[in-house]
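Written below as structure tokens is the structure these notes are about.
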There are 2 protein chains.
Amino acid sequence: MLWLRSCKLVLLQIDMGSTIQNPACQHCKDRFSSIFCKAEQCNLEQIDQAKVCSVYKKGQVIFHEGAYPFGVYCINDGKIKLSHSGDDGREQIIRLVKAGDIMGYKALLSNERYTATATALEDSSICFVPKDLFMSILQKDASLSFEMMRILSSELRKAELKITHLAQKPVRERLAETLLFIKETYGLEADGHTLSVRLSREEIANLVGTATESAIRLLSEFKKDGMIELEGKKIRLLDLQQIVKTANLQD
Amino acid sequence: MLWLRSCKLVLLQIDMGSTIQNPACQHCKDRFSSIFCKAEQCNLEQIDQAKVCSVYKKGQVIFHEGAYPFGVYCINDGKIKLSHSGDDGREQIIRLVKAGDIMGYKALLSNERYTATATALEDSSICFVPKDLFMSILQKDASLSFEMMRILSSELRKAELKITHLAQKPVRERLAETLLFIKETYGLEADGHTLSVRLSREEIANLVGTATESAIRLLSEFKKDGMIELEGKKIRLLDLQQIVKTANLQD
DNA sequence: CCTGTGGAATGATATGTATCAAGTCAGCGT
DNA sequence: ACGCTGACTTGATACATATCATTCCACAGG
């Protein structure tokens, strides 16, 4: 049942993609990351054969900051956080990774060591594609290269926006923004309100870029204002409009 | 004499590059951005013919946030700042661009509008390469694609590091870091101490991500501590070691 | 049952930084 | 020379946020 969900996701992403679809992906005979659907069929098959899938438990580290990369990882199912460990040991969460995403490509492409640590936020099923194969296919497959560049550009855009907000917006606005971001990334549960990830307050703080206590305090305020509801690690977004307003977005 | 300097720079960057050199670049019959030296010869010639060079005066805008991109820009000579204009109008400088760099590729590759404004920090000579040509060469030239991915990955790495520092480091450390960054990017004048860009205090503040007054105050402190010397917009780095220490770097 | 443990919450306090306000200075046009 | 303008500087103050300390609570293990 794990990969049934994954299939649906992959197909969804294909439908929404702007570039040419790859028919092989629609078979979806195995769990697979959507990025490779941009690749040509023969290459897709090669990847399909070479990839190694495995399951990581919640809290488990997939790769570690400072280590050398030997390939890229594709998420079939699950949720991962990518984080820097700051100079003083405090963690800064850089990115949230979801099913259909890939990770670890940055270090590979710039030929450096990992600059972030990937940790499973819940039990996750992840494929590993070896470096040599990935690079050699990238060499000959322009569609895949384009897709990679598109992803990189888009990540860079987001990162730069985050820099601006971090420098200019107060914590309150950034927290509201982060709640919306989590919702965009991982979506809501069936009730249409509850965020479908369980993050600790500390993790939320490390995502926002603030102290844990500040995050807690502001979440309580949001609750008092009727914007959200809190129940342990469950966060329910009650008044989306109000949250958007608090986030003070305009891009 | 303008392009003599540029040639030197290009050659330098070729020598340092890890991928295959392109002999065409060594002729350097015209000013040219070093990135394209990774391209295959025939493509290089095509670009060389299609590109349009022009000179921008200090303060002039090369492209504007929100506009649609029609190609990429390569800097032959000069200095450019790329900046977001935050929601409240305050500017956040995202990147400093120097001779040999390219800019405007992010918007092109992700097929979106510019998210930043490019402004000349001094009179600059810049080439424009049309979108269609650039994209079509990217399609068939894997070396160029790889180089683009390498650049994107590296920018992303820097951006993520900046996010972490912005979230975790005090202004004092970030300012010291910024001074070192400016030195790395644009280098020093012949005396071996003076930064070779003239930035206003406001621009420095927008690079650090702080208020102008804070930047001014801290610069004065640095001066009092004998780390730097100030003379109008000239900034001389006297005690590099001390600045590094103040920046508190460890990556 | 007690007890230990880790996360969450709250309060008190300290402090870094932004903001507001004024003042200085150099350059520039008239 | 005059006043004007814009950038820089400095000071006083307010405020947001970090930090430290404490309490609360749920939960697991003995």
Side-chain angles (χ1 to χ4, degrees), chain A residues 58-59 86-92 119 121 164-179 195 197-225 228-236 246-248, chain B residues 58-59 81 86-93 119 121-122 164-178 195 197-225 228-236 246-248:
Chain A
K58 174 177 177 174
D87 301 343
D88 54 348
R90 216 168 82 203
E91 144 180 281
Q92 176 66 37
T119 314
L121 291 169
T164 305
H165 289 176
L166 217 36
Q168 303 190 347
K169 289 184 158 201
V171 178
R172 188 183 171 80
E173 293 182 19
R174 300 209 312 268
L175 175 60
E177 201 180 331
T178 300
L179 291 178
L195 291 179
V197 229
R198 300 295 130 88
L199 296 171
S200 70
R201 308 291 193 235
E202 190 182 1
E203 283 171 324
I204 293 175
N206 293 341
L207 205 45
V208 174
T210 187
T212 308
E213 294 95 322
S214 301
I216 290 175
R217 252 183 270 270
L218 286 166
L219 281 174
S220 309
E221 277 189 35
F222 285 6
K223 179 182 165 187
K224 207 175 57 191
D225 297 349
I228 62 173
E229 222 172 65
L230 297 171
E231 187 189 331
K233 292 192 177 174
K234 276 190 199 168
I235 298 179
R236 263 186 288 280
T246 306
N248 191 22
Chain B
K58 175 179 175 171
K81 66 173 174 183
D87 301 343
D88 55 347
R90 217 167 83 204
E91 144 180 283
Q92 175 67 38
I93 299 183
T119 313
L121 291 168
E122 54 183 52
T164 305
H165 289 177
L166 216 35
Q168 304 191 346
K169 289 182 158 203
V171 178
R172 187 184 173 82
E173 294 182 18
R174 300 211 309 268
L175 176 60
E177 200 179 332
T178 299
L195 290 179
V197 227
R198 301 295 129 88
L199 295 171
S200 71
R201 310 294 159 160
E202 190 182 1
E203 283 170 324
I204 293 176
N206 293 341
L207 205 44
V208 174
T210 187
T212 309
E213 294 96 323
S214 300
I216 290 173
R217 251 183 270 271
L218 286 166
L219 281 174
S220 309
E221 278 188 35
F222 285 6
K223 179 182 168 188
K224 208 174 58 192
D225 297 348
I228 62 171
E229 222 172 65
L230 297 171
E231 186 188 330
K233 294 193 177 175
K234 276 190 200 169
I235 299 179
R236 263 187 289 280
T246 305
N248 191 20

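Order of the sequence lines fixes the chain letters, A, B, ..., with proteins taken first and strands second; residue numbering starts at 1 for each chain.
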Side chain of A/I216: nearest nucleotide among C/dA12, C/dC20, C/dA9? C/dA9

Among the candidates C/dA9, C/dT17, C/dT19, find the nucleotide nearest to the side-chain atoms of B/T210. C/dT17

Taking atom types as they are modelled, is there a donor-acceptor pair under 3.5 Å from the base of C/dG11 to the side chain of A/R217? yes

Note: chain A reaches DNA chain D at heavy-atom distances under 4.0 Å over the stretch, first to last nt, 5' to 3', of D/dT17 to D/dC20

For DNA chain C, whose closest nucleotide is more 5', that of A/A167 or that of A/T212? A/T212

Can a donor-acceptor pair be found, under 3.5 Å and without considering hydrogens, that links the side chain of A/R90 to the backbone of B/Q168? no

Counting only N and O atoms by type, is there a donor-acceptor contact under 3.5 Å from the side chain of A/R201 to the main-chain atoms of A/T212? no

With distance as the sole test, does A/K169 use its side chain to make a donor-acceptor pair with the main-chain N or O of A/N248 at under 3.5 Å? yes

Whole Å only: how far is the CD atom of A/E221 from the C1' atom of C/dA9? 13 Å

Rounded distance in Å - CZ (B/R201) to P (C/dC25): 16 Å

Listed partners of B/R172 passing side-chain hydrogen bond (donor to acceptor under 3.5 Å, both in side chains), at least two apart: B/E221, B/D225

Please state how far atom CD in B/E202 lies from atom C1' in C/dA18, giving the value in whole angstrom units. 15 Å

